[in-house]
Protein chains: 2
Amino acid sequence: MSHKSRNRMAAGRRAHAPVFAALGDETRLSLVAKLCGGRPCSISRLTEGSRLTRQAITKHLCVLERAGLVRRVRRGRESLFALDPEPFEEIKKYLEFVSEQWDQALARLKSFVEG
Amino acid sequence: MSHKSRNRMAAGRRAHAPVFAALGDETRLSLVAKLCGGRPCSISRLTEGSRLTRQAITKHLCVLERAGLVRRVRRGRESLFALDPEPFEEIKKYLEFVSEQWDQALARLKSFVEG
DNA sequence: TTAATATGCAACCAGGAGGTTGCCTAAGAT
DNA sequence: ATCTTAGGCAACCTCCTGGTTGCATATTAA
(Lines give C-alpha, C1' and ligand atoms only; values in the text may rest on other atoms or scores of the structure.)
Protein backbone atom coordinates (compact mmCIF):
# COMPACT_ATOMS: atom_id res chain seq x y z
CA MET A 1 0.00 0.00 0.00
CA SER A 2 1.23 3.50 -0.84
CA HIS A 3 1.96 6.20 1.71
CA LYS A 4 -0.81 8.35 0.28
CA SER A 5 -3.29 5.54 0.56
CA ARG A 6 -2.24 4.88 4.15
CA ASN A 7 -2.65 8.55 5.06
CA ARG A 8 -6.04 8.65 3.42
CA MET A 9 -7.10 5.66 5.46
CA ALA A 10 -5.84 7.24 8.69
CA ALA A 11 -7.80 10.39 7.90
CA GLY A 12 -10.81 8.24 7.18
CA ARG A 13 -10.51 6.62 10.58
CA ARG A 14 -10.42 9.97 12.32
CA ALA A 15 -13.49 11.02 10.37
CA HIS A 16 -15.44 7.80 10.64
CA ALA A 17 -14.83 6.72 14.22
CA PRO A 18 -17.11 9.41 15.71
CA VAL A 19 -19.89 8.46 13.30
CA PHE A 20 -19.65 4.78 14.21
CA ALA A 21 -19.51 5.73 17.88
CA ALA A 22 -22.64 7.84 17.56
CA LEU A 23 -24.46 4.89 16.01
CA GLY A 24 -23.18 2.54 18.70
CA ASP A 25 -26.13 3.00 21.02
CA GLU A 26 -29.59 1.45 20.86
CA THR A 27 -31.38 4.60 21.91
CA ARG A 28 -29.69 6.62 19.21
CA LEU A 29 -30.38 3.96 16.59
CA SER A 30 -34.05 4.15 17.52
CA LEU A 31 -33.96 7.94 17.11
CA VAL A 32 -32.40 7.48 13.70
CA ALA A 33 -35.18 5.03 12.87
CA LYS A 34 -37.84 7.56 13.84
CA LEU A 35 -36.17 10.28 11.80
CA CYS A 36 -36.08 7.97 8.79
CA GLY A 37 -39.71 8.93 8.38
CA GLY A 38 -38.50 11.99 6.56
CA ARG A 39 -40.25 14.75 8.46
CA PRO A 40 -38.36 16.71 11.12
CA CYS A 41 -39.33 15.92 14.70
CA SER A 42 -39.25 17.99 17.86
CA ILE A 43 -37.52 16.76 21.00
CA SER A 44 -40.82 16.19 22.80
CA ARG A 45 -42.12 14.19 19.91
CA LEU A 46 -38.96 12.09 19.84
CA THR A 47 -39.26 11.54 23.57
CA GLU A 48 -42.81 10.18 23.31
CA GLY A 49 -42.95 6.44 23.86
CA SER A 50 -39.50 6.32 25.43
CA ARG A 51 -38.91 5.47 29.07
CA LEU A 52 -36.12 8.01 29.13
CA THR A 53 -36.28 11.64 30.16
CA ARG A 54 -36.50 14.45 27.65
CA GLN A 55 -33.04 15.56 28.75
CA ALA A 56 -31.58 12.13 28.11
CA ILE A 57 -33.05 12.20 24.60
CA THR A 58 -31.71 15.71 24.14
CA LYS A 59 -28.21 14.52 25.00
CA HIS A 60 -28.48 11.68 22.52
CA LEU A 61 -29.64 14.11 19.85
CA CYS A 62 -26.63 16.31 20.60
CA VAL A 63 -24.35 13.32 20.12
CA LEU A 64 -25.96 12.58 16.76
CA GLU A 65 -25.68 16.25 15.84
CA ARG A 66 -21.98 16.47 16.75
CA ALA A 67 -21.38 13.42 14.55
CA GLY A 68 -23.19 15.18 11.71
CA LEU A 69 -25.86 12.49 11.43
CA VAL A 70 -28.63 14.90 12.26
CA ARG A 71 -29.35 18.59 11.70
CA ARG A 72 -31.23 20.87 14.06
CA VAL A 73 -33.37 23.82 13.04
CA ARG A 74 -35.19 26.01 15.52
CA ARG A 75 -38.83 26.75 14.74
CA GLY A 76 -40.64 28.85 17.28
CA ARG A 77 -40.17 27.27 20.66
CA GLU A 78 -39.20 23.87 19.35
CA SER A 79 -36.03 22.30 18.01
CA LEU A 80 -36.72 20.22 14.94
CA PHE A 81 -34.29 17.46 14.04
CA ALA A 82 -33.85 15.87 10.66
CA LEU A 83 -31.56 13.16 9.34
CA ASP A 84 -28.55 14.02 7.22
CA PRO A 85 -27.93 11.02 4.96
CA GLU A 86 -24.41 12.07 3.94
CA PRO A 87 -22.43 10.54 6.85
CA PHE A 88 -24.38 7.32 6.40
CA GLU A 89 -23.20 7.17 2.82
CA GLU A 90 -19.65 7.90 3.93
CA ILE A 91 -19.38 5.02 6.34
CA LYS A 92 -21.16 2.74 3.92
CA LYS A 93 -18.40 3.50 1.42
CA TYR A 94 -15.84 2.83 4.13
CA LEU A 95 -17.37 -0.56 4.85
CA GLU A 96 -17.38 -1.34 1.17
CA PHE A 97 -13.71 -0.46 1.05
CA VAL A 98 -12.96 -2.79 3.95
CA SER A 99 -14.86 -5.65 2.31
CA GLU A 100 -13.00 -5.03 -0.91
CA GLN A 101 -9.58 -5.09 0.75
CA TRP A 102 -10.55 -8.27 2.51
CA ASP A 103 -11.72 -9.97 -0.66
CA GLN A 104 -8.59 -8.98 -2.55
CA ALA A 105 -6.40 -10.25 0.28
CA LEU A 106 -8.22 -13.58 0.26
CA ALA A 107 -7.83 -13.82 -3.49
CA ARG A 108 -4.07 -13.17 -3.18
CA LEU A 109 -3.73 -15.81 -0.48
CA LYS A 110 -5.70 -18.27 -2.58
CA SER A 111 -3.54 -17.75 -5.64
CA PHE A 112 -0.44 -18.05 -3.43
CA VAL A 113 -1.61 -21.38 -2.07
CA GLU A 114 -2.57 -22.64 -5.50
CA GLY A 115 0.39 -21.23 -7.38
CA MET B 1 -45.09 0.23 9.06
CA SER B 2 -46.19 -3.23 10.25
CA HIS B 3 -45.65 -4.59 13.74
CA LYS B 4 -43.45 -7.33 12.39
CA SER B 5 -41.30 -4.86 10.56
CA ARG B 6 -41.00 -2.69 13.66
CA ASN B 7 -39.98 -5.67 15.77
CA ARG B 8 -37.45 -6.71 13.19
CA MET B 9 -35.97 -3.25 13.29
CA ALA B 10 -35.79 -3.24 17.10
CA ALA B 11 -34.01 -6.60 17.01
CA GLY B 12 -31.68 -5.17 14.41
CA ARG B 13 -30.82 -2.28 16.70
CA ARG B 14 -29.98 -4.61 19.55
CA ALA B 15 -27.78 -6.62 17.23
CA HIS B 16 -26.13 -3.73 15.41
CA ALA B 17 -25.47 -1.22 18.17
CA PRO B 18 -22.59 -3.23 19.67
CA VAL B 19 -20.99 -3.60 16.25
CA PHE B 20 -21.17 0.13 15.56
CA ALA B 21 -19.87 0.80 19.06
CA ALA B 22 -16.91 -1.52 18.50
CA LEU B 23 -16.05 0.37 15.33
CA GLY B 24 -16.43 3.72 17.05
CA ASP B 25 -12.80 4.01 18.08
CA GLU B 26 -9.79 5.05 16.03
CA THR B 27 -7.48 2.47 17.54
CA ARG B 28 -9.89 -0.34 16.75
CA LEU B 29 -10.44 0.94 13.23
CA SER B 30 -6.69 0.84 12.70
CA LEU B 31 -6.63 -2.74 13.97
CA VAL B 32 -9.37 -3.61 11.52
CA ALA B 33 -7.32 -1.97 8.79
CA LYS B 34 -4.29 -4.10 9.64
CA LEU B 35 -6.37 -7.25 9.69
CA CYS B 36 -7.77 -6.40 6.27
CA GLY B 37 -4.48 -7.75 4.96
CA GLY B 38 -6.05 -11.18 5.18
CA ARG B 39 -3.47 -13.03 7.22
CA PRO B 40 -4.09 -13.56 10.94
CA CYS B 41 -1.90 -11.46 13.25
CA SER B 42 -0.63 -12.03 16.76
CA ILE B 43 -1.17 -9.50 19.51
CA SER B 44 2.52 -8.51 19.56
CA ARG B 45 2.46 -7.98 15.83
CA LEU B 46 -0.65 -5.83 16.08
CA THR B 47 0.97 -3.82 18.86
CA GLU B 48 4.06 -3.01 16.75
CA GLY B 49 4.09 0.59 15.61
CA SER B 50 1.47 1.64 18.13
CA ARG B 51 2.21 3.98 21.02
CA LEU B 52 -0.13 1.91 23.15
CA THR B 53 0.71 -0.96 25.44
CA ARG B 54 0.18 -4.56 24.47
CA GLN B 55 -2.51 -4.81 27.14
CA ALA B 56 -4.38 -1.84 25.72
CA ILE B 57 -4.32 -3.47 22.29
CA THR B 58 -5.45 -6.74 23.86
CA LYS B 59 -8.45 -4.99 25.38
CA HIS B 60 -9.37 -3.46 22.04
CA LEU B 61 -9.10 -6.86 20.40
CA CYS B 62 -11.42 -8.30 23.04
CA VAL B 63 -13.95 -5.59 22.27
CA LEU B 64 -13.77 -6.44 18.57
CA GLU B 65 -14.06 -10.13 19.41
CA ARG B 66 -17.14 -9.65 21.63
CA ALA B 67 -18.74 -7.71 18.78
CA GLY B 68 -17.99 -10.63 16.46
CA LEU B 69 -15.85 -8.53 14.13
CA VAL B 70 -12.79 -10.63 14.79
CA ARG B 71 -12.03 -14.24 15.56
CA ARG B 72 -9.24 -15.52 17.76
CA VAL B 73 -7.38 -18.78 17.33
CA ARG B 74 -4.61 -19.92 19.62
CA ARG B 75 -1.47 -21.22 17.91
CA GLY B 76 1.32 -22.27 20.19
CA ARG B 77 2.01 -19.44 22.57
CA GLU B 78 0.36 -16.79 20.45
CA SER B 79 -3.20 -15.63 19.86
CA LEU B 80 -3.89 -15.05 16.20
CA PHE B 81 -6.68 -12.70 15.21
CA ALA B 82 -8.48 -12.61 11.91
CA LEU B 83 -11.31 -10.50 10.55
CA ASP B 84 -14.81 -11.90 10.26
CA PRO B 85 -16.47 -10.07 7.37
CA GLU B 86 -20.01 -11.11 8.26
CA PRO B 87 -20.88 -8.36 10.78
CA PHE B 88 -19.51 -5.79 8.35
CA GLU B 89 -21.95 -7.04 5.76
CA GLU B 90 -24.76 -6.93 8.30
CA ILE B 91 -24.34 -3.29 9.23
CA LYS B 92 -23.78 -2.39 5.60
CA LYS B 93 -27.20 -3.88 4.88
CA TYR B 94 -28.61 -1.95 7.80
CA LEU B 95 -27.21 1.31 6.44
CA GLU B 96 -28.64 0.51 3.05
CA PHE B 97 -32.01 -0.07 4.69
CA VAL B 98 -31.84 3.33 6.42
CA SER B 99 -30.92 5.08 3.17
CA GLU B 100 -33.78 3.35 1.44
CA GLN B 101 -36.34 4.35 4.06
CA TRP B 102 -35.05 7.89 3.87
CA ASP B 103 -35.31 8.03 0.10
CA GLN B 104 -38.83 6.60 0.10
CA ALA B 105 -39.92 9.09 2.75
CA LEU B 106 -38.52 11.94 0.70
CA ALA B 107 -40.33 10.66 -2.37
CA ARG B 108 -43.61 10.50 -0.45
CA LEU B 109 -43.16 14.04 0.83
CA LYS B 110 -42.36 15.24 -2.63
CA SER B 111 -45.47 13.71 -4.15
CA PHE B 112 -47.52 15.09 -1.26
CA VAL B 113 -46.26 18.61 -1.93
CA GLU B 114 -46.78 18.26 -5.66
CA GLY B 115 -50.10 16.47 -5.54
C1' DT C 1 -52.30 38.51 31.55
C1' DT C 2 -51.90 33.92 32.90
C1' DA C 3 -51.31 29.17 32.14
C1' DA C 4 -49.30 25.60 29.66
C1' DT C 5 -45.82 23.80 26.62
C1' DA C 6 -41.00 23.14 24.68
C1' DT C 7 -36.65 23.71 25.51
C1' DG C 8 -32.09 25.03 27.66
C1' DC C 9 -28.66 24.84 31.39
C1' DA C 10 -26.14 23.09 35.27
C1' DA C 11 -25.13 20.06 38.91
C1' DC C 12 -24.75 15.65 40.23
C1' DC C 13 -24.11 10.52 40.22
C1' DA C 14 -22.88 5.65 39.02
C1' DG C 15 -20.71 2.87 36.04
C1' DG C 16 -18.00 1.79 32.08
C1' DA C 17 -14.02 2.68 28.77
C1' DG C 18 -9.40 3.35 27.80
C1' DG C 19 -5.01 3.10 29.53
C1' DT C 20 -1.13 1.87 32.65
C1' DT C 21 1.82 -1.12 35.72
C1' DG C 22 3.19 -5.37 37.94
C1' DC C 23 3.34 -10.03 38.21
C1' DC C 24 2.57 -14.82 36.68
C1' DT C 25 2.45 -18.74 33.28
C1' DA C 26 3.26 -21.10 28.92
C1' DA C 27 5.94 -22.18 24.95
C1' DG C 28 10.03 -21.64 21.87
C1' DA C 29 14.93 -20.95 21.34
C1' DT C 30 19.81 -21.75 22.77
C1' DA D 1 18.15 -26.30 31.88
C1' DT D 2 17.81 -21.54 31.10
C1' DC D 3 16.59 -17.48 28.78
C1' DT D 4 13.40 -15.05 26.09
C1' DT D 5 9.19 -14.09 24.08
C1' DA D 6 3.88 -14.10 23.88
C1' DG D 7 0.31 -13.71 26.39
C1' DG D 8 -3.17 -13.73 30.55
C1' DC D 9 -4.87 -11.59 34.92
C1' DA D 10 -5.81 -8.16 38.20
C1' DA D 11 -5.54 -3.78 40.38
C1' DC D 12 -5.71 0.82 39.72
C1' DC D 13 -6.56 5.50 37.73
C1' DT D 14 -8.90 9.11 35.08
C1' DC D 15 -12.27 10.68 32.15
C1' DC D 16 -16.38 10.13 29.50
C1' DT D 17 -21.15 8.56 29.10
C1' DG D 18 -25.79 7.87 30.09
C1' DG D 19 -29.04 9.20 33.06
C1' DT D 20 -31.37 11.92 36.59
C1' DT D 21 -33.36 16.22 38.96
C1' DG D 22 -34.27 21.08 39.56
C1' DC D 23 -34.78 25.41 37.86
C1' DA D 24 -34.85 29.18 34.32
C1' DT D 25 -36.49 30.95 29.83
C1' DA D 26 -39.11 31.54 25.64
C1' DT D 27 -43.26 30.68 22.93
C1' DT D 28 -48.01 29.75 22.26
C1' DA D 29 -52.74 29.32 23.88
C1' DA D 30 -56.83 30.77 26.60
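Per chain, numbering begins at 1; letters A, B, ... match sequence-line order.
Neither OP1 nor OP2 of dT5(C) sits under 4.0 Å from any side-chain N or O of Ser44(A). Residue Ser79(B) places no side-chain N or O under 4.0 Å from the OP1 or OP2 atom of dG7(D). Between Arg74(B) and the phosphate of dA26(C), there is no side-chain N or O to OP1/OP2 separation shorter than 4.0 Å. When the side-chain nitrogen and oxygen atoms of His60(A) are compared with OP1 and OP2 of dG19(D), one or more of them lie within a distance under 4.0 Å. Taking side-chain N and O atoms only, Thr53(B) has no distance below 4.0 Å to OP1 or OP2 of dG19(C).
Ring geometry, Phe20(B) versus His16(B): the interplanar angle exceeds 60°, so the pair is classed perpendicular (tilted spans 30 to 60°).
Going from atom CD of Glu78(B) over to atom P of dG8(D) covers 11 Å, rounded to whole Å.
Positionally, the nearest nucleotide of DNA chain D for Arg72(B) lies more toward the 5' end than for the other of Gly76(A) and Arg72(B). DNA chain D is contacted by both Arg51(A) and Ser42(B); Ser42(B) maps to the nucleotide lying nearer its 5′ end (nearest heavy atom per residue).
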side-chain contact (heavy atoms from CB on, under 4.5 Å) evaluation trace for Lys34(B) with Cys41(B): CA-CA 9 Å; Lys34(B) 287 184 187 174; Cys41(B) 288; 5.7 Å; no
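Candidate nucleotides dT20(D), dG19(C), dG18(D) were compared by shortest atom distance to the side chain of Ala56(A), and dT20(D) ranks first. For Arg77(B), the listed nucleotide lying nearest its side chain is dT5(D); candidates were dG18(D), dG19(D), dT5(D).
For Gln55(B) and dG22(C), a side-chain-to-base donor-acceptor distance below 3.5 Å is present, hydrogens and geometry of angles not being considered. Side-chain to base pairing of Arg28(A) with dG18(D): no donor and acceptor N or O lie closer than 3.5 Å to each other.
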